[in-house]
Amino acid sequence: MSKTKLTKGLSLGSIEKEAMPELKADLEKTSEKRTTLYLDENVYRAIKRYAFMQEIKLKDYINDILRKDLRDKGLL
């Protein structure tokens, strides 16, 4: 049996090499961190639907909820 390597990622085929330093610099400016959340399927679908209806990104909705909760608790 042959092994097939599956990759998942961004194809930069049409982006010119000269633009890469600028793109990388933009990525370095962000203060965001990445994590994985395992959510109940019903919770995930509900927040995904709500974010879509509000025309906001799911990550922005989750950040707003967590930020408000942490401020209410005096942690931010």
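Quick note: numbers below take in every heavy atom, side chains included, and nothing from hydrogens, waters or symmetry partners.
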**Student:** Roughly how far, to the nearest 0.5 Å, is CD of Gln54 from CG of Asp60?
**Tutor:** 12.5 Å
**Student:** Hydrophobic cluster membership, with links at side-chain heavy-atom distances under 4.5 Å among I/L/V/M/F/W/Y: are Leu66 and Ile47 in one?
**Tutor:**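 Leu66 and Ile47: one cluster.
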**Student:** Let's go through Asp69 and Lys73 carefully: what are the C-alpha distance in whole Å and the side-chain angles of both, what is the deciding distance for salt bridge (charged side-chain N to carboxylate O under 4.0 Å, His left out) to 0.1 Å, and is it a yes or a no?
**Tutor:** CA-CA 6 Å; Asp69 182 60; Lys73 292 176 178 165; 3.0 Å; yes
**Student:** Which pair of non-hydrogen atoms, one from Leu76 and one from Arg67, has the smallest distance, and what is that distance?
**Tutor:**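 Shortest heavy-atom contact: CD1-CG, 3.8 Å.
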**Student:** Given the rule in the side-chain contact (heavy atoms from CB on, under 4.5 Å) test, do Leu58 and Tyr44 qualify, once you have shown the distances and angles that lead to the verdict?
**Tutor:** CA-CA 10 Å; Leu58 183 62; Tyr44 172 77; 3.9 Å; yes
**Student:** Between CZ of Arg34 and NZ of Lys59, what distance do you get to the nearest 0.5 Å?
**Tutor:**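 The distance works out to 11.0 Å.
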**Student:** Would you call Lys68 and Asp64 a salt bridge, taking side-chain N to carboxylate O under 4.0 Å as the test?
**Tutor:** no
**Student:** Check for me, please, whether Ile56 and Leu39 land in the same ILVMFWY cluster - side-chain distances under 4.5 Å, paths through other members count.
**Tutor:** yes
